[in-house]
Amino acid sequence: MKKKITILPGDGIGKEVTAEGKKVLIKIAELFDHQFEFDEAAIGHDAIEATGNPLPDEILTKLKNCDAILFGAIGHPKYDNDPTLKVRPEQGLLKMRKELGLYANLRPIKLFDELLEASSIKPEILKGSDILFFRELTGDVYFGEKGRKDDNNTAYDLMIYQKYEVERIAHKAFQAARTRRKKVTSVDKANVLESSRLWRQVVTEIAKAYPDVELEHQFVDSAAMKLIQNPRSFDVVLTGNLFGDILTDEASQIAGSMGMLASASVGDTVGLYEPIHGSAHDITGKGIANPLASILSVALMLDISFGLKEEAEAVIKAVEETLKQGLRTADIADANTNKEKILNTQKMGDQVIKQMEKVGSRQVA
Ligand code: IPM
Ligand code: MG
């Protein structure tokens, strides 16, 4: 198979982790006889420094013409504590999501058994958790009208959803549930918000086309509690942009660490794959970031964008085997981890590659 992949390392640890993701793609091409052509571009803080724009038009054009995107992270501390700055790295990511029509953000929360002890939640609560979030990604307060008035003393962000926006992601969630445990939990705040009442009404309507899938509705505050109380009670979670942003960071603890969580953003055209973690400037340059979320994002790309199930499985298996060897990055190490088994970013990537080679050689044999 021949594919054009654009790598967007972005800011902070994004550069460190995508380098490992790319290594895995190169290894997959070699083991399974594919041709992956790579292109790389700067977005976010680096792009602002170079061009004044976090997502220059020519890069957007490039993205529209490739087969898949591997993205790192975006953000820089310079902007976080200065709300007056008008041009911000995150605008590049939001524009990219909107312009590429990436309305569905899939965030699988799957706990590798080896990491049961790495989470701050009790192992007996966590064991067997397997949740797939569908976070709507191009609507809500993120994209509603925003502004200031009354001499800058009032600010607003409009929470807005249109019927078609809810319909299209709801279909995706129900379709995915059919391949899993056949349950969708739709999360909203319909006791307070009108946009949530529309959300609930539309999801209920769409559910009629999937009589084999159970639908339940939860308010976001209660869902936040139940996620930690009983994560196994969730299968597919369907929710809006803001609630999904918050709940998936929370749910990352079910998978042991933010450093483990991959995501896929899909919609009308090209798919974008990225870890859910941010740019983490506190650890940037130290080489200690966990590359597994980026590597698992590669697995999602192989599966969802290219339909390469066996290749995706080989990557996941290699991650699992690496963890089984007791190898950890600092964020997923626990008190019992032997110091020599704590690896830096590159070495972790190398170990995954080593495991992939084993899978590859078994295939040839
Ligand atoms: C995420 C991030 C982004 C978001 C930020 C960086 C704009 O937190 O992908 O979850 O809020 O969507
Ligand atoms: Mg987030």
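Whatever order the structure lists ligands and atoms in, that order sets their numbers, starting from 1. Basis for what follows: all heavy atoms, side chains included, without hydrogens, waters or symmetry-related copies.
Inspection of the R107 and T248 side chains reveals an N or O donor paired with an N or O acceptor under 3.5 Å. For the residue pair Q218 / T185, no side-chain donor-acceptor distance below 3.5 Å is found, with atom types taken as modelled. Side-chain N/O atoms of T84 and D82 include a donor and acceptor closer than 3.5 Å. Between the side chains of D245 and Y142, at least one donor-acceptor pair of N or O atoms lies under 3.5 Å.
Residue pairs meeting the salt bridge (Lys or Arg N to Asp or Glu O under 4.0 Å) criterion with at least one member in residues 50-68, sequence neighbours excluded: D39-K62, D57-K95, K64-E99. Applying the ring pair (Phe, Tyr, Trp, His ring centres under 6.0 Å) test to pairs two or more places apart or on separate chains, those with a residue in residues 265-284 are H76-H281.
In summary, the aromatic rings of Y79 and H45 are positioned with their centroids under 6.0 Å apart.
For K127 and D113, the salt-bridge test passes: some basic side-chain N is under 4.0 Å from an acidic carboxylate O. Salt-bridge check for K4 with E40: failed, with every basic side-chain N at 4.0 Å or more from each acidic carboxylate O.
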Please produce the table of protein N or O atoms sitting under 3.5 Å from N or O atoms belonging to ligand 1, one pair a line, distance to 0.1 Å.
residue, atom, partner, partner atom, Å
ligand 1, 8 (O), D245, OD1, 3.3
ligand 1, 9 (O), R97, NH2, 2.8
ligand 1, 9 (O), R107, NH2, 3.0
ligand 1, 10 (O), R107, NH1, 3.3
ligand 1, 10 (O), R107, NH2, 3.1
ligand 1, 10 (O), R135, NH1, 3.2
ligand 1, 10 (O), D245, OD1, 2.9
ligand 1, 11 (O), Y142, OH, 2.6
ligand 1, 12 (O), R97, NH1, 2.7
ligand 1, 12 (O), R135, NH1, 3.3
ligand 1, 12 (O), R135, NH2, 2.8

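Here the Mg ion (ligand 2) has protein N, O or S atoms under 2.8 Å from it, and they come to 1.
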